[in-house]
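We use all heavy atoms of the structure for the numbers below, so side chains are in, but hydrogens, waters and symmetry mates are not.
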2 protein chains.
Amino acid sequence: MTTTSTGGPLWLTDEEQSVWRAYLHATTLMEDHLDRQLQRDAGMPHIYYGLLVHLSQAPRRRMRMTELAKDAKITRSRLSHAVARLEKNGWVRREECPSDKRGQNAVLTDEGFEMLARSAPGHVDAVRHAMFARLTPDQVASLGEIMQVIATGLQPEGVDADLPWLR
Amino acid sequence: MTTTSTGGPLWLTDEEQSVWRAYLHATTLMEDHLDRQLQRDAGMPHIYYGLLVHLSQAPRRRMRMTELAKDAKITRSRLSHAVARLEKNGWVRREECPSDKRGQNAVLTDEGFEMLARSAPGHVDAVRHAMFARLTPDQVASLGEIMQVIATGLQPEGVDADLPWLR
DNA sequence: GACCTTTTCTTGAATATTGAACTAGATAGA
DNA sequence: TCTATCTAGTTCAATATTCAAGAAAAGGTC
């Protein structure tokens, strides 16, 4: 069989192509759906909402910028811009880090927390209706395994050995 | 059990939460990975590449703007901007539609086709290595079913009854 | 301490995306 | 035909993202 420089076959099989199209289609629609839902109900895109969720789960509702960026899988640059926006909304504030003068903590404000508390049920609802309500328990389990395999494979080298995305 | 206005349970189960995190994590990493790969090897983001692929598969390598936007699941506005950019690169050109003077066809140029031919193997490789090479045949089949269920559920109402994404 | 490298975070410019407003042409009904 | 409405596509302004460059502090090493 014809192979590539990396040893795999050159093209995808028909089934793989069809799965790939379905994957692209579903993930695109899901992201659009949640972006719209959150823009409407919480006034921000999905990724910004995710930042607030991360902060809400951190001890004392605050995190170093770099740690937050790592957890949320975005660049520090993007996070800087995002936090600036969330700060304008009053949902996050920056705080100097006592132990490292270069550092900043992003802190979820009470306003931010309340906003999250208000919008979380609607968001969870959207996720459940779009995904979990439509899948059998076996499919949910299978999806979880598959997504972990993919994430592990794409994870940058040398990442924490304790598989943080399993927490 | 506490339920929402739509009748579902209020929160996700622990397993669902973990699957949802894995889903977000994997899809984010995948999109970033492919965006970088294509930006590096083809000089454009994933979605733009997808537009060229769509055109390459259309009869006479051309499509009405609205049809292309629908197939690629993006807004007409976004498509207008994207085609303007691809036109600058010489990979697409616009052509008036003979049957409807409002209409435009986006046409894949020969240059565009050659660029696609050059970069497709690398892209397919990236997709295979990130996804299919890591999954068992059962997992591939399962992923396909799951993604179709999700896509079908999010599909706007009144869409073509012949499930175009299965083609 | 002096020097070099690394880490942390921000900034600015270029690009991309969104949503609303808009133009031109098509369509349908009187 | 006249008019109202709808559709195709673009444009603008506001927002978001990327990438490269930069400032400031920390961490080595001599």
Side-chain angles (χ1 to χ4, degrees), chain A residues 28-29 31-40 42-52 62-89 91-107 156 158, chain B residues 28-29 31-40 42-52 62-89 91-107 156 158:
Chain A
T28 302
L29 289 175
E31 189 56 17
D32 284 3
H33 182 63
L34 296 182
D35 262 342
R36 267 171 237 286
Q37 185 263 317
L38 284 169
Q39 195 70 59
R40 175 167 46 78
M44 65 190 138
H46 188 198
I47 181 106
Y48 286 34
Y49 181 88
L51 294 176
L52 299 191
R62 72 197 60 207
M63 269 192 187
R64 287 290 295 271
M65 296 291 281
T66 294
E67 192 194 356
L68 179 51
K70 216 168 283 175
D71 278 21
K73 269 80 203 166
I74 62 177
T75 61
R76 285 191 305 269
S77 169
R78 189 174 175 184
L79 180 61
S80 269
H81 291 296
V83 166
R85 198 271 216 191
L86 293 170
E87 226 172 355
K88 262 192 220 159
N89 288 321
W91 297 326
V92 168
R93 68 188 153 76
R94 279 179 232 244
E95 183 184 81
E96 299 203 345
C97 176
S99 60
D100 185 337
K101 281 179 190 163
R102 294 167 306 178
Q104 298 265 258
N105 278 304
V107 185
Chain B
T28 302
L29 289 175
E31 188 57 17
D32 284 3
H33 181 64
L34 297 181
D35 262 341
R36 267 170 236 285
Q37 185 264 317
L38 284 168
Q39 194 70 59
R40 174 166 46 79
M44 65 189 136
H46 188 199
I47 182 106
Y48 285 35
Y49 181 89
L51 294 175
L52 299 191
R62 69 198 63 207
M63 270 192 187
R64 286 292 293 271
M65 295 292 282
T66 294
E67 192 194 356
L68 179 51
K70 215 169 283 176
D71 278 20
K73 268 80 203 169
I74 62 176
T75 61
R76 287 192 304 272
S77 167
R78 189 175 175 183
L79 181 61
S80 271
H81 291 294
V83 167
R85 197 271 218 190
L86 292 170
E87 227 173 354
K88 263 192 219 161
N89 288 322
W91 298 326
V92 169
R93 69 187 152 75
R94 280 177 231 244
E95 183 183 82
E96 299 204 345
C97 176
S99 61
D100 184 338
K101 283 179 190 162
R102 295 167 305 178
Q104 298 266 258
N105 279 304
V107 186

Output all residues satisfying side-chain contact (heavy atoms from CB on, under 4.5 Å) with Arg76(B), sequence neighbours left out; order by chain, then residue number.
Thr66(B), Ala69(B)
Treating primed atoms plus P, OP1 and OP2 as sugar-phosphate and everything else as base, which nucleotides of nucleotides 13-24 of chain D get B, S or - for protein heavy atoms under 4.0 Å?
---SBBBB---B
Within less than 4.0 Å of OP1 or OP2 of [N], is there a side-chain N or O belonging to [X]?
{"X": "Arg94(A)", "N": "dT10(C)", "result": "yes"}
{"X": "Arg64(B)", "N": "dG9(D)", "result": "yes"}
{"X": "Gln104(A)", "N": "dT10(C)", "result": "yes"}

Per Arg76(A) side chain, nearest of listed nucleotides dG25(C), dA25(D), dC9(C):
dC9(C)
Specify the closest pair of heavy atoms between [X] and [Y], including all atoms of both residues, with the distance to one decimal.
{"X": "Asp32(A)", "Y": "Lys73(B)", "answer": "OD2-O, 3.9 Å"}
{"X": "Val92(B)", "Y": "Val83(B)", "answer": "CG1-CG1, 4.1 Å"}
{"X": "Pro45(B)", "Y": "Gln39(B)", "answer": "N-OE1, 3.6 Å"}

How long is the line joining CG of Asp100(B) and P of dC6(D), in whole Å?
17 Å
Distance check needed: dA16(C) P versus Leu38(B) CG, whole Å only.
14 Å
Solution key, residues 93-103 of chain A side-chain donor-acceptor pairs under 3.5 Å, sequence neighbours excluded:
from      : atom 1 : to        : atom 2 : distance (Å)
Arg93(A)  : NH1    : Glu95(A)  : OE2    : 3.4
Arg94(A)  : NE     : Glu87(A)  : OE1    : 3.1
Arg94(A)  : NH2    : Ser80(A)  : O      : 3.4
Glu95(A)  : OE1    : Arg62(A)  : NH1    : 2.8
Glu95(A)  : OE2    : Arg62(A)  : NH1    : 2.7
Asp100(A) : OD1    : Arg102(A) : N      : 2.9
Asp100(A) : OD1    : Arg102(A) : NE     : 3.1
Asp100(A) : OD2    : Arg102(A) : NH2    : 2.8

Test item: Leu79(B) and Leu51(B) side chains (from C-beta on) under 4.5 Å apart, heavy atoms
yes
